[in-house]
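Taking it in order: structure first as structure tokens, then the write-up.
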Number of protein chains: 2
Amino acid sequence: MTINQEFRDVLREEGMRHTWQRQAVWDEIKSNDEHRDADDIFICLKQAGYPISRATVYRTIDVLVSHGLVRKLDIGEGRMRLEHKLDSHHHDHLICENCGRIIEFISPEIEALQSKISSAHGFALTHHVHQLFGRCLSYPDCDYYRSQNR
Amino acid sequence: MTINQEFRDVLREEGMRHTWQRQAVWDEIKSNDEHRDADDIFICLKQAGYPISRATVYRTIDVLVSHGLVRKLDIGEGRMRLEHKLDSHHHDHLICENCGRIIEFISPEIEALQSKISSAHGFALTHHVHQLFGRCLSYPDCDYYRSQNR
DNA sequence: ACCCTTATTGAGATTGAGTCTCATGAATAT
DNA sequence: ATATTCATGAGACTCAATCTCAATAAGGGT
Ligand SMILES: [Mn+2]
Ligand SMILES: [Mn+2]
Ligand SMILES: [Zn+2]
Ligand SMILES: [Zn+2]
């Protein structure tokens, strides 16, 4: 999954076709570590000159998610954010309600407690959503960052 | 908040008017402990014969939420579920992906860890979203329950 | 290289939860 | 009772995401 050739193979193993559209969406999502949404990706590709359709971007994102290459993140905005799973160990998120910053955190203790709670209730845990909302006091530019990022 | 007279007062303290529509929405939400959505409430009221509008149901829910009487629950279905906060200490949810059951859990350990993580990142925590998705092995009627509840 | 089959695409229509508009109606204060 | 002003209802509207379907192109076979 680190080089182009591999993405072509991931698709072929499922009998799916490798198109420049799919490659372009995957490349764009890989290209940075922010938590952008589908329309961000679409706009980037259009501005880079690709004649791609919004529907194809959405469809490709679903392909990437079903192959475990991308994760959708719903932070209650009415749209999905995305993140590639290349260098990723699982993590959850801290979200600043003022400036919008998204900080990642890992807590083996919480992960363990989740498993414990699930089995205590006779649940086979498949995944979880865990988000902490607040205000990032530690970033002095919280308000400035907000003004810069919509 | 347990008797009618009090809801009228809650509204009046904010200079808001007490209408039968607001009372009916609040009564309906109070009437059971499931996690229904706005349209469930609307349909119940219509079937009970109230000539209420969908817009009023949505608006009243927001009033109830802002007064701390109701909590919105987003479990990634594209719509909000609701729960009244009458007998409620804070809790989070286990959600069965097969039958749709929603089980409540409380974990003081996790709550404490959340605070710890937030302050470690210089965050002033305001609220959190924590949901465990899986399958409820402990309920033998999981499939049956699913078939009964859409 | 060329065909053929069939997955994929693009444009725009559609969906669905939730919000907004604004004329009409109702709740409260005096 | 009247006046004031907030709340309501019907339907238009928003916005992310999905769907439709005719046109296109990927990739296996020759
Ligand atoms: Mn992340
Ligand atoms: Mn609950
Ligand atoms: Zn901030
Ligand atoms: Zn179940």
Side-chain angles (χ1 to χ4, degrees), chain A residues 4-5 7-26 28-29 35-46 48-67 70-82 150, chain B residues 4-5 7-26 28-29 35-46 48-67 70-82 150:
Chain A
N4 279 355
Q5 191 53 35
F7 180 53
R8 180 175 237 116
D9 292 345
V10 168
L11 293 173
R12 196 158 47 191
E13 278 167 25
E14 310 279 316
M16 305 188 79
R17 292 175 186 176
H18 178 264
T19 63
W20 66 260
Q21 289 94 334
R22 284 174 174 166
Q23 186 68 52
V25 170
W26 175 224
E28 184 55 43
I29 292 179
H35 299 81
R36 295 178 291 170
D37 63 32
D39 217 53
D40 290 333
I41 305 301
F42 172 68
I43 289 168
C44 278
L45 293 174
K46 289 301 263 189
Y50 294 102
I52 199 172
S53 137
R54 193 173 258 107
T56 297
V57 172
Y58 277 102
R59 284 186 288 231
T60 300
I61 287 168
D62 286 342
V63 170
L64 295 169
V65 168
S66 68
H67 284 77
V70 165
R71 179 184 176 198
K72 284 185 182 175
L73 188 63
D74 177 357
I75 58 173
E77 298 171 305
R79 63 184 190 275
M80 290 292 175
R81 302 263 191 163
L82 306 167
R150 125 177 76 20
Chain B
N4 279 356
Q5 191 52 35
F7 180 53
R8 181 175 236 117
D9 292 345
V10 167
L11 293 173
R12 195 160 46 191
E13 278 167 25
E14 309 279 316
M16 305 188 79
R17 292 176 184 175
H18 178 263
T19 63
W20 66 260
Q21 288 93 335
R22 284 174 174 167
Q23 185 68 51
V25 171
W26 175 224
E28 184 55 44
I29 292 179
H35 300 81
R36 294 178 291 171
D37 63 32
D39 217 53
D40 290 332
I41 305 301
F42 172 68
I43 289 168
C44 278
L45 293 175
K46 288 302 263 190
Y50 294 100
I52 198 173
S53 137
R54 194 173 257 107
T56 297
V57 172
Y58 277 102
R59 284 186 288 229
T60 300
I61 287 168
D62 286 342
V63 170
L64 294 169
V65 168
S66 69
H67 284 78
V70 165
R71 178 182 175 199
K72 285 184 183 176
L73 187 63
D74 177 357
I75 58 173
E77 299 171 305
R79 62 183 189 276
M80 290 292 174
R81 302 261 191 162
L82 306 168
R150 134 176 58 32

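Both backbone and side-chain heavy atoms feed into the values below; hydrogens, waters and symmetry mates do not. Within every chain, numbering begins at 1; the chains are lettered A, B, ... in the order of the sequence lines, protein sequences first and strands thereafter.
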If I compare all heavy atoms of [X] with all of [Y], which pair ends up nearest, and what's the gap?
X: A:C44; Y: A:R36; answer: SG-NH1, 3.6 Å
X: B:S53; Y: B:F42; answer: C-CE1, 3.8 Å
X: A:A38; Y: A:Y58; answer: CB-CE2, 3.6 Å

Report yes if the side chains of [X] and [Y] come closer than 4.5 Å at any heavy-atom pair, otherwise no.
X: B:D74; Y: A:D74; result: yes
X: B:L11; Y: B:V63; result: yes
X: A:R59; Y: A:T56; result: yes

[X] has a side chain; which of [options] sits nearest to it?
X: A:M16; options: C:dT8, D:dG9, C:dT28; result: C:dT8
X: B:R79; options: D:dG9, C:dG18, C:dG10; result: C:dG18
X: A:T56; options: C:dG10, C:dT19, D:dA16; result: C:dG10
X: B:Y58; options: C:dA17, D:dG9, D:dA16; result: C:dA17
X: B:A38; options: D:dA17, C:dG18, C:dG12; result: C:dG18
X: A:S53; options: D:dG9, C:dA11, C:dA17; result: C:dA11
X: B:R17; options: C:dA27, C:dT8, C:dA11; result: C:dA27
X: A:M80; options: D:dA17, C:dT9, C:dG18; result: D:dA17

Whole-Å distance between [N] [atom2] and [X] [atom1]?
X: B:H18; N: D:dT5; atom1: NE2; atom2: C1'; answer: 18 Å
X: A:D39; N: D:dT18; atom1: CG; atom2: P; answer: 13 Å
X: B:R22; N: D:dG9; atom1: CZ; atom2: C1'; answer: 14 Å
X: B:E77; N: D:dA16; atom1: CD; atom2: C1'; answer: 17 Å
X: A:I61; N: C:dT9; atom1: CD1; atom2: P; answer: 13 Å
X: A:F42; N: D:dA16; atom1: CZ; atom2: P; answer: 12 Å
X: B:R81; N: C:dA17; atom1: CZ; atom2: P; answer: 12 Å
X: A:L11; N: C:dT9; atom1: CG; atom2: P; answer: 10 Å

- Message: Can you work out whether A:R54 or B:T19 has the more 5'-proximal nearest nucleotide on DNA chain C?
- Response: A:R54
- Query: Of B:G78 and B:W20, whose nearest nucleotide on DNA chain C comes first from the 5' end?
  - Reply: B:G78
- Query: What nucleic acid atoms does A:R59 come within less than 4.0 Å of, heavy atoms only: base, sugar-phosphate, or nothing?
  - Reply: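 Base contact.
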- Task: State which residue, out of B:D39, B:D37, B:D40, fulfils the side-chain hydrogen bond (donor to acceptor under 3.5 Å, both in side chains) condition with B:R79.
- Result: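 The single option meeting the side-chain hydrogen bond (donor to acceptor under 3.5 Å, both in side chains) with B:R79 is B:D37.
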- Have a look at the helix from C:dA1-D:dT30 to C:dT30-D:dA1 and give the angle its two end axes make, five pairs each, rounded to 10 degrees.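 What I find for the helix from C:dA1-D:dT30 to C:dT30-D:dA1 is an axis angle of 30°.
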- Message: Which label fits B:W26 and B:F7: parallel for a plane angle under 30°, tilted from 30 to 60°, or perpendicular past 60°?
- Response: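 Because their plane-to-plane angle lies in the 30° to 60° range, the rings of B:W26 and B:F7 count as tilted.
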- Message: Taking only side-chain N and O atoms of A:Q21, does any of them lie within less than 4.0 angstrom of OP1 or OP2 on C:dG10?
- Response: yes
